[in-house]
Amino acid sequence: MEYKFNEIEKKWQDYWKEKKTYQVSNDSDKPKYYVLDMFPYPSGSGLHVGHPLGYIASDIFARFKRLKGFNVLHPMGFDSFGLPAEQYALETGQHPAETTKNNIATFKNQLDKIGFCYDWDREVRTSEPAYYKWTQWIFLQLFNSYFDKKENKAKPIAELIKIFEAEGNNKLQTTNHKPFSANEWKAFDEPKQLSILMDYRLAYCGYGEVNWCEALGTVLANDEVVNGVSERGGHPVVKKKLRQWYLRITEYADRLLEDLSRVEFSDAMKEMQSNWIGKSSGAEIDFEIKTMDDRRQGTNEQQSSVVEGRRSLRVYTTRPDTIFGVDFMVVAPELDLINEIKTPGQTKEVEDYIAYVKSRSERERMAEKKISGCFTGAYAVNPFDGREIPIWISEYVLAGYGTGAIMAVPCGDERDHKFAKHFNIPITNIIGSFYNGEEANPTKEATLENSSFLNSLLMKDAIDVAINKIEEEGIGVRKVNYKMRDAAFSRQRYWGEPFPIVWKDGTAYPLDEKELPLELPHVETYKPGPDGEGPLANIPEWVAKELETNTMPGYAGSSWYFLRYMDPHNDKAFCDRKVSDYWNQVDLYIGGTEHAVGHLLYSRMWTKVLFDLNLIGHDEPYKKLVNQGMITGVSEKLIRASSSDFDEPNELDIPNKSTSASTSFWVNWIENKLPFSIQIDDGEDFYVINHSVELKGYSLFGESLINVPIEFVNESVLDINEYSKEKSNINQPKKTPEVFVCKEGFYNSKTGKWFDFDKIEITPLQFKTIPVVEKMSKSKRNVVNPDDIINKYGADTFRMYEMFLGPVEMSKPWDTKGIEGVYRFLKKLWRLFYDEMKGKMWNEEKATDAELKVLHKTIKKIEEDTERFSFNTAVSTFMICVNELADLKCHKKEILEPLLILLAPYAPHIAEELYNNLHSSHVSPTGGDLEGASVLDAAFPAFNPALLVESSKEYPISINGKVRANLSLSLDLDQKQVEEIILQNEIVMKWLEGNPPKKIIYVKNKMINVVI
RNA sequence: GCCCAGGUGGCGAAAUUGGUAGACGCAGCAGACUCAAAAUCUGCCGUUCGCAAGGAUGUGAAGGUUCGAUUCCUUUCCUGGGCACCA
């Protein structure tokens, strides 16, 4: 009777499905527990081995909690709106709804084979109208709410209107509008009133910059922009202002930050979120601006200050204490102010620089090590000492943060310092010896010098003094700032939730709730509409109804899906209040760190809004968050062997055949097999062509056909991006290669140049591959499909192996080689119950103390490891347990039955099968009558500590910290007794060489160290 | 560039609170069983010196704290993730 995993797993999966074993009720006497996975985007390439890592972990935990007597909610669904489906539609014409449906079917099929305990009756799909009806509904709540700054919570906008009608906006803490009285408010016409209200709504309309590609006529995601040009086609991309929807998440910044103390996220995760929110305090300071004209008129202060409508430059700084060290100002290139202040002499330079910056993504701007900038010709005046400070523009200052302008203090700020050095701006030292002239020193501990009224103050103390003075003099205000910006909430795309909004004469009106869901119409083409609008703008009826043509972004549906699982079929509400009160928070949320800020912050915000509006009873969605690492794939990268490699033996005599299995191996180029990947450097441009190619390779395991993505790179120039950067100059964005390979040679479609094969240096026919660890993706051809593994080894082996690979939180490369060990373990476990030759092995004999000790040691460790998500060590523990029971030749039901319960969360199929057999009268392991109790609802075995009590311990004896001997000692000895025994020890005496020890350290139940 | 994480044998890893570094598994080597293979079982397995006993050395690198450091501190290198329109 052998372990036939395929029969067993099929049988139980069918049985569970038929009996609806995993159906969860919203009504139970048991305590509730909610285990949630981040639901997947159903991509076209199907599930790969990276997906299930977190799912298996959560499944184990959900099953574990069930055994512990909880009513466990463990649902699954699909985040099915998104860009890739639309991209695919553009290429193939297939409707995203169609491809999405097919992809979901594939995903579900694959997920089911792994044996997860999902309640599929609760499945949600964000792209289904029945679901997005409520996404739209929540959007309307956001639209119809404002944030009351005094009470620090969201309230219906109707209440704000009442306030305006009663007292105007005078008492509101806001700088949005000029004050108006109640009467003035009533006198405003409707569009005026609505436009004021728009500035308070939690979902509001504004203008924002997007990546605009003129050639494609579309807005591009950051992902689609590579080196400043579009990924598709290599067309130039510039910034463009478009009307966009936003969520006023900044109003929740403080609560999102403070409430981190109430959730169990890792410190790293909390840190990332709080850094993202980026709360800082400091001051906004106004610097008067002097243009060249002013300067020519002389520096008479009196005269300047009477000029009417005088411009000033407002900066935000966290270090107002350094105000006497300001040597220049830097303004973000986007600021309109620049046009007003630039001097005629600088106009050309400024315009060129702004054009250059427009071509660069925000990411590039921040990552650039190179210093760039441009002088405006204008000067600001230091409000305290009247010093004239040149105003520069530079891309390192971002328009979206603070006021978009900074005061630069080179002696105290690294970036300011580099900028000053680069442009030869003189540096003022206000921190004496703390500044060495070479590097900025960002300390707050220095004593200020050359700083007028701040002189001799410690910088950290001077901050407050400076702010007070600034406020007194009326030149600025104390200010708290957040790095976080309001969340852009609209996309110029098709495959997303339509906004329930109509536009009438430029004013947005919400649709009535009764009109929801506003269904996504079918389109003829997925191409963008006119002027950067989304594809919905191509539909005459849609435009005629004046409906919003933008759609919601990917994170809309995922910001509240955890609530829908609780009450997925409700058509009266997004979730019944009683039901959400029962399930409350997600107790355990498992997902990748890549969502550390985006999704987690948005869903936390939505939860808080729903809480504020009294629609749910809790204001944090997730009680505990566990981050799973990524499973990376290993791809072989082909590189040309260097000249020294040619001395190596050829494939007939493979080097190091016996020693290395995974490192480089040699491949023999198969001539004339095209296409392949090659670099061409014609002296002007530099190209890389990537193609996948089938190579006949000689691996160390013998001859095999391998698929490798190859990148033919000269070893001396490994990084193509670096190379291109050097070559491209500021005003000329890099061209992407468009080179075709055909039999005659290579053809460059852009330059029209031909390269014959014989003119290109590809003489060597030897290449070697090097293994590279990368994210798994279809294009890299390093995707491992779980189905293949399951067919070969079974779902239980797959589940345990994924856990055995290492800690869940850590990312690791997938390697199937080790799976044999887990498979052997399950077969060995099986042999404790059934032997191929001897048949049934298990018996009802009474267990011995040694056997009970093995069992209870295991119970303790499995329980602890599962609780702390250390699934890899739990799998080791199972292995150790089975090894020990096999050594003891233990086949006793008394031991094996509890072991199966422990194992059930990890390997549910085999556990269910064997458990069922222990309780069934049938002998056949696969023919059981299914009448026996199910292991899924067994009670988790209780650990009995009495069985593990020890009276002595094998102590390591160290001499100066190095272990030299072992000695078994009773646990109730005291220091003095131990010292006596130790000094008699032969080995210790040898090391002491007759001298007395300096000290003997005895840590009970740990170790003994003799210091000599 | 900024933020976060990680770096331990040939490989995946373990060491839970500063206390025997390498549990468990893969690969490898030697052996048993077998006509043979598969499966299974037994032993060895960081590096290095040594016949052995036993030394030396060893957790990315360099310093430090400590009787004792993979663990704490400082500096530094490398890899992965995120940086706001991928989800």
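Letters A, B, ... mirror the listed sequences (proteins, then strands); counts begin at 1.
For the pair A:Met552 and A:Tyr132, the minimum side-chain heavy-atom distance is 4.5 Å or more.
Closest to the side chain of A:Arg485, out of B:G82, B:A84, B:G19, is B:A84. In the set B:C67, B:U20, B:A13, B:A13 carries the atom at the smallest distance from any side-chain atom of A:Asn872. Checking B:C85, B:A87, B:G25 against the side-chain heavy atoms of A:Val210 singles out B:C85 as nearest. Of the listed nucleotides (B:G19, B:G12, B:C83), B:G19 has the atom at the smallest distance from the side chain of A:Asn1009.
Using a 4.0 Å cut-off between charged nitrogen and carboxylate oxygen, A:Lys860 and A:Glu864 count as a salt-bridge pair. Note on A:Glu884 versus A:Lys857: salt bridge recorded, some NZ/NE/NH1/NH2 to OD/OE distance being below 4.0 Å.
A:Phe798 contributes atom CZ, which lies 5.0 Å from atom CD1 of A:Ile56 (distance to the nearest 0.5 angstrom).
One interatomic measurement links the two molecules: CE of A:Met879 to P of B:A13, which rounds to 15 Å at whole-angstrom precision. Here B:A87 presents its P atom at 15 Å from CE of A:Met38, a figure rounded to the nearest Å.
One cannot find a donor-acceptor pair under 3.5 Å joining the base of B:C86 and the side-chain atoms of A:Glu594. Checked by distance alone, A:Ser876 brings a side-chain donor or acceptor within 3.5 Å of a matching partner on the base of B:A23. On a pure distance criterion of 3.5 Å, a polar donor-acceptor pair joins the side chain of A:Lys861 and the base of B:U16.
Of all nucleotides present, only B:G12 satisfies the Watson-Crick or G-U wobble test against B:C24, with each distance under 3.5 Å. When both distances must be under 3.5 Å, the Watson-Crick or G-U wobble mate of B:C2 is B:G82. Judged by Watson-Crick or G-U wobble contacts below 3.5 Å, the nucleotide B:A69 has no partner. B:G31 is paired with B:C41 under the Watson-Crick or G-U wobble criterion, all donor-acceptor distances under 3.5 Å.
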> Going through the distances and angles, do A:Leu805 and A:Leu53 end up as a side chain to side chain contact (heavy atoms under 4.5 Å, CB included)?
Replying inline: CA-CA 10 Å; A:Leu805 275 175; A:Leu53 182 71; 5.6 Å; no
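Residue contacts for A:Met484: at a heavy-atom cut-off of 4.0 Å it reaches a base atom on one of the strands shown.
In terms of position on RNA chain B, the residue among A:Val1003 and A:Gly598 whose nearest nucleotide sits closer to the 5' end is A:Val1003. Of the residues near RNA chain B, A:Asp865 and A:Val875, the one whose nearest nucleotide (by heavy atom distance) lies more toward the 5' end is A:Asp865.
A:Asp865 and A:Ala874 get closest at one heavy-atom pair: OD2-N, 3.5 Å.
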Please list each protein N or O that sits under 3.5 Å from an N or O in nucleotides 4-9 of chain B, with the distance.
from, atom 1, to, atom 2, distance (Å)
B:C4, OP1, A:Glu271, OE2, 2.4

Please list, for nucleotides 39-42 of chain B, all pairs of protein and nucleotide N/O atoms separated by less than 3.5 Å.
from, atom 1, to, atom 2, distance (Å)
B:U40, O3', A:Arg831, NH2, 3.4

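Base orientation at B:G9 is syn, since its O4'-C1' glycosidic dihedral falls within 90° of 0.
Checked against the 6.0 Å centroid criterion, the rings of A:Tyr801 and A:Tyr793 do not qualify as a close aromatic pair. Two rings, from A:Phe39 and A:Phe78, have their centers 6.0 Å or more apart.
Remark: the separation of the P atoms in B:C67 and B:A53 is 34 Å, to the nearest Å. Nucleotides B:G19 and B:G68 place their P atoms 14 Å apart, quoted to the nearest Å.
For the side-chain hydrogen bond (donor to acceptor under 3.5 Å, both in side chains) test with A:Asn550, the passing option among A:Glu533, A:Gln492, A:Gln244, A:Arg493 is A:Gln492; the others fail.
Heavy-atom contacts from other residues, nucleotides or ligands closer than 6.0 Å to CG of A:Asn995 number more than 12.
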